[in-house]
Asker: 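Following this message is one structure expressed as structure tokens.
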Protein chains: 2
Amino acid sequence: MIGIKSIASYIPAGRIDNIAQAASFDRDEAFVQAKIGTATLSVKDASEDTSDLCAAAVRNLLAKNPELRLEDVQALIVVTQNGDGEGLPHTSAIAQHKIGLPTSVACFDVSLGCSGYVYGLYAIKGFMEAAGLKNGILVTCDPYSKIMDRSDRMTTLLFGDAATATWIGEDPLWELGPARFGTDGSGADHLIVRDGCFHMNGRQVFNFASLKIIPHMQEVLEEAGLSLDSVDAYCLHQGSGAIVDAIAKRLGENGDRVVKDMCGAGNTVSSTIPLLMERYAFEGSAWQNLVMSGFGVGLSWGSAVLFRRG
Amino acid sequence: MIGIKSIASYIPAGRIDNIAQAASFDRDEAFVQAKIGTATLSVKDASEDTSDLCAAAVRNLLAKNPELRLEDVQALIVVTQNGDGEGLPHTSAIAQHKIGLPTSVACFDVSLGCSGYVYGLYAIKGFMEAAGLKNGILVTCDPYSKIMDRSDRMTTLLFGDAATATWIGEDPLWELGPARFGTDGSGADHLIVRDGCFHMNGRQVFNFASLKIIPHMQEVLEEAGLSLDSVDAYCLHQGSGAIVDAIAKRLGENGDRVVKDMCGAGNTVSSTIPLLMERYAFEGSAWQNLVMSGFGVGLSWGSAVLFRRG
């Protein structure tokens, strides 16, 4: 049985002062803290491409796990919608070469946004099992600074750049349990790139997430034999402070187990959930289970229950 | 055990006369027949977007298999590097809505080129098994007409537009056996889009494929307990007539079981292998096994052995 053995990340050093940025839109610090959820946003250097962030996260994963050698890696899947260049070839191939992985590695990109980590976990686990592979790395990296219109208050205050790398292999610390997915392309226009700039209908996305996610988590918890009461941690996509708070509020007493942390980076798209797990689900963690839910671009959503086995 | 139950396709009605096109580059019909391999290329109408081709292929699959109802489809994976718009959102979400699939469907795009069908089969099978899903559809659709420079003799004579849809479910006709994959990002520049136009270093790609593919197929055949002699059919990516002939020649006596057919469409990227299977691996086929191999953009390659079970 394969599952999650370790998670590492790379958050670029560049920082945007979100309090100052908000002031330029006549929004005060209280707004930033309450609605956005982070006083700083991470931003990659112009010299860094998506594959560089991916490679940095993988190197951090390898440094953290010296028993995982380059030559043992058999699969590299990159979740992104903002890859290198113009998307052909795929970013995972470019990253393979930059990292120095063997040419026997299976690489592909998965195009998904904020639901991407949940989908990506089941895609890489399933692909590896179907192809008989033992060790793989799932990377999330969707640098929205490439598509940000800095004059658009709806988006420029929210998104940050990051990459994460998850080692999938045998004897995992976290086992993947039941999962559920969903897609509603009638909402495709609510989160979309046009003429190189990202546009978001924030109200539509907020309403979708605040209504859809709890029932969706309940479905998957039921399949796992758990209830909302028996969850140790809710690892939700950190879309904004406001959406995480809204879901926590709807959870009532269980809301105190909703993890809220934008890691000083902002909404890093498919990287927010693995960043939470890296911080809170390994060393020193008492969690025996967790439910994760990602939601956004597509519209697309995914929820899964994970069990601690290590 | 899930595998391939059925394959359908959609080849747009538009045709480019490749003999006439070649004449404009001072190449004669003999060159077209021997090196390119097709006298016509399919081309989508300007009004059709990638998701429209995907939806048409899925509708043809549903028409061919009335027992597969829309509401039974739980996963839709689209292999493309030329999706709708600017790639965000993913094309599979837009196709979900156009087809009318339920919102409970799991959708994502896989970014891969000519190796995409082989990878995609193991990605969808694995994802479905990991997530406990029973019926899914793998779509290939990479309309290179979007990125073609019609003044570039190296590419404009080769590529055509098509979409295919493969039903993955229980009691399959074709079971997926062993598979092997590979990636060499040091060759990323050999097939690349820059400033909206596709560029190919034909000699490098030809050399890579003619040297790499037979040993790669041998590896996977060995794992399957087969030899080059015991293969019923070689379903190779139809990159060009010349590359298919070169591999067939290297196979010696076994080369007569190499399937060669560009289906009047040209090199349709990830669609060439499923187009071959649709034509030759179902009704009336005597094949009990086949080996498939896709190779191209990345560089990336994948080979797999399939066994007839139905």
Side-chain angles (χ1 to χ4, degrees), chain A residues 51 74-76 81-83 85-98 101 103-113 116 119 121-123 125-132 147 176 178-186 188 191-196 198 297-300 302, chain B residues 51 74-76 81-83 85-98 101 103-113 116 119 121-123 125-132 147 176 178-186 188 191-196 198 297-300 302:
Chain A
S51 62
Q74 300 170 298
L76 176 71
Q81 292 181 323
N82 286 285
E86 296 171 54
L88 187 165
H90 38 296
T91 296
S92 50
I94 301 168
Q96 174 272 338
H97 182 57
K98 288 188 175 173
L101 291 171
T103 57
S104 55
V105 69
C107 295
F108 60 89
D109 296 359
V110 166
S111 172
L112 277 172
Y119 274 83
L121 283 176
Y122 290 79
K125 175 182 193 279
F127 177 79
M128 289 172 61
E129 288 175 341
I147 51 170
L176 308 187
R180 283 275 197 291
F181 301 94
T183 308
D184 185 358
S186 73
L191 297 141
I192 194 163
V193 172
R194 289 199 182 99
D195 298 325
F198 178 70
V297 178
L299 300 172
S300 171
Chain B
S51 62
Q74 298 171 298
L76 176 72
Q81 292 181 322
N82 286 287
E86 296 171 53
L88 189 166
H90 37 298
T91 297
S92 49
I94 300 169
Q96 174 271 336
H97 182 56
K98 287 187 177 174
L101 291 171
T103 58
S104 55
V105 69
C107 294
F108 59 90
D109 296 359
V110 165
S111 172
L112 277 172
Y119 274 84
L121 283 176
Y122 290 79
K125 175 182 192 281
F127 177 79
M128 287 172 60
E129 287 174 343
I147 51 171
L176 307 187
R180 285 274 197 290
F181 300 94
T183 309
D184 185 359
S186 73
L191 298 140
I192 194 164
V193 172
R194 289 199 182 99
D195 298 326
F198 178 70
V297 178
L299 301 171
S300 170

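First the proteins, then the strands, lettered A, B, ... as listed; each starts at 1. Since this is a predicted model, take the numbers as computed values, not measurements.
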Asker: Side chain, backbone, both or neither: which part of B/I147 has a non-hydrogen atom closer than 4.5 Å to chain A?
Answerer: side chain

Asker: How many angstroms lie between OG in A/S186 and CD1 in B/I94, if you round to the nearest 0.5 Å?
Answerer: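 So the OG of A/S186 and the CD1 of B/I94 are separated by 11.5 Å.
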
Asker: Taking all non-hydrogen atoms of both residues, which atom of A/S111 and which atom of B/G87 are closest, and how far apart?
Answerer: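 Closest approach of A/S111 to B/G87, heavy atoms only: OG-O, 3.9 Å.
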
Asker: Nearest 0.5 angstrom please: B/L299 CG to A/C107 SG, how far?
Answerer: 11.5 Å

Asker: When the aromatic ring centroids of B/F181 and A/F127 are compared, is their separation below 6.0 Å?
Answerer: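 Yes, close enough.
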
Asker: Does any non-hydrogen side-chain atom of A/L88 lie less than 4.5 Å from one of B/V297?
Answerer: yes

Asker: I'd like to verify something: which residue of A/K98, A/M128, A/R194, A/K125 has the highest number of heavy-atom pairs under 4.5 Å with chain B?
Answerer: A/R194

Asker: Testing the basics here: between B/I192 and A/P89, what is the closest heavy-atom pair and its distance to 0.1 Å?
Answerer: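 For B/I192 and A/P89, the tightest heavy-atom pair comes out as CG1-CD, 3.6 Å.
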
Asker: Under a 4.5 Å heavy-atom cut-off, does chain A meet the side chain of B/S300, its backbone, both or neither?
Answerer: side chain

Asker: Let me confirm one number: the CD-CD distance from A/Q81 to B/E86, rounded to the nearest 0.5 Å.
Answerer: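 The distance works out to 12.5 Å.
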
Asker: Pick whichever of B/G83, B/S92, B/A93 has the most heavy-atom pairs under 4.5 Å with chain A.
Answerer: B/A93

Asker: Given the options A/A188, A/G113, A/G302, which has more heavy-atom pairs under 4.5 Å with chain B than any of the others?
Answerer: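 Of the candidates given, the most pairs with chain B belong to A/A188.
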
Asker: Between A/V105 and B/Y119, what is the shortest heavy-atom contact and its length?
Answerer: O-OH, 4.1 Å

Asker: I need the B/H90 NE2 to A/T183 OG1 distance, nearest 0.5 Å.
Answerer: 5.5 Å

Asker: Quick check on the interface: out of A/A179, A/G132, A/S104, who has the most heavy-atom pairs with chain B under 4.5 Å?
Answerer: A/S104

Asker: Specify the closest pair of heavy atoms between A/A123 and B/F108, including all atoms of both residues, with the distance to one decimal.
Answerer: CB-CZ, 4.0 Å

